[in-house]
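Read the numbers this way: they start at 1 and go in the same order the structure lists the ligands and their atoms.
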Amino acid sequence: MYAFFNKIMLNEETIKNLINEAIIGRKNSYSPYSHYKVGAALLLENNEIITGCNIENAQYSLGVCAERVALQKAISKGEKSFLAIAIVGGREDEENEFSDYAFPCGACRQVMREFVNKNIFKIIVAKSINEYKIFTLEELLPFSFGKENL
Ligand code: THU
């Protein structure tokens with residue numbers, strides 16, 4: 001399966017590699033309360049990959065999602081051009097194959113909305129490196145609110 005952005009092609013090898021990085025990133029998940037581990041891997045235009053995992057807190061509302069950790073790591077390094085994010089999630093007893101797709105929560109979709117081109121950026125949700133679905137942010141967050149509205 002191929003997905004195109006501008007002139008850059010996201011080929012199957014790139015997708016599988018990104019999912020694999022999300023699986024690796026997930027290993028650092030700190031989720032003693034939900035026991036639900038999430039990993040994300042963000043692909044930059046320069047081909048660099050930045051991973052994230054969910055990080056919970058005894059004050060439950062301070063927990064942060066894997067997607068936002070990856071994005072905020074990247075933003076804090078001065079990165080501005082994002083091509084795609086792969087996301088995997090599942091109970092802590094799951095490792096490389098997950099029973100469900102982990103879709104980004106509404107808050108993470110809105111944070112992506114701030115920093116990515118909603119028609120180009122790809123969101124890859126995966127059950128394994130061989131089973132995945134690809135969406136644009138526009139598909140997952142239609143009729144959205146962004147800086148152009150202000
Ligand atoms: N979680 C994420 O990391 N990303 C999402 O998009 C949905 C939820 C995390 C937050 C919390 O640590 C755990 O999954 C259960 O909600």
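- In this structure, atom 8 (C) of ligand 1 lies nearest to the protein heavy atom Cys65 SG, 4.0 Å.
- With respect to Glu138 and Lys118, a salt bridge is recorded, a charged nitrogen being found less than 4.0 Å from a carboxylate O.
- Of all protein heavy atoms, the one lying nearest to atom 9 (C) of ligand 1 is Asn54 ND2, 3.6 Å.
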Residue pair Tyr33, Tyr60: steps toward the ring pair (Phe, Tyr, Trp, His ring centres under 6.0 Å) verdict
CA-CA 8 Å; Tyr33 306 107; Tyr60 289 0; 5.4 Å; yes
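- For the pair Ala66 and ligand 1, the shortest N or O to N or O distance falls below 3.5 Å.
- With ligand atoms numbered from 1 in the order given, ligand 1 contributes 2 (C), 3 (O), 4 (N), 5 (C), 6 (O) to contacts under 4.0 Å with heavy atoms of Glu67.
- Proximity of Phe103 to ligand 1, defined as any heavy-atom pair under 4.0 Å, is confined to the backbone N, CA, C and O atoms.
- Without hydrogens or angle criteria, Lys122 side chain to Ile120 main chain gives a donor-acceptor distance under 3.5 Å.
- For Phe121 and Phe115, the gap between ring centers reaches or exceeds 6.0 Å.
- At least one heavy atom of Pro104 sits less than 4.0 Å from an atom of ligand 1.
- Nearest to atom 12 (O) of ligand 1 among the protein's heavy atoms is Glu56 OE2, 2.5 Å.
- Under a 4.0 Å criterion applied to the non-hydrogen atoms of Ser34, ligand 1 contributes the atoms 13 (C), 15 (C).
- Within 6.0 Å of CD on Gln59 lie more than 12 heavy atoms contributed by other residues, nucleotides or ligands.
- The pair Glu48-Lys73 does not meet the salt-bridge criterion, since no charged nitrogen lies less than 4.0 angstrom from a carboxylate oxygen.
- Interface atoms of ligand 1 facing Cys105, defined by a heavy-atom separation under 4.0 Å, are 5 (C), 6 (O).
- The pair Glu95-Lys27 counts as a salt bridge, with a side-chain nitrogen and a carboxylate oxygen less than 4.0 angstrom apart.
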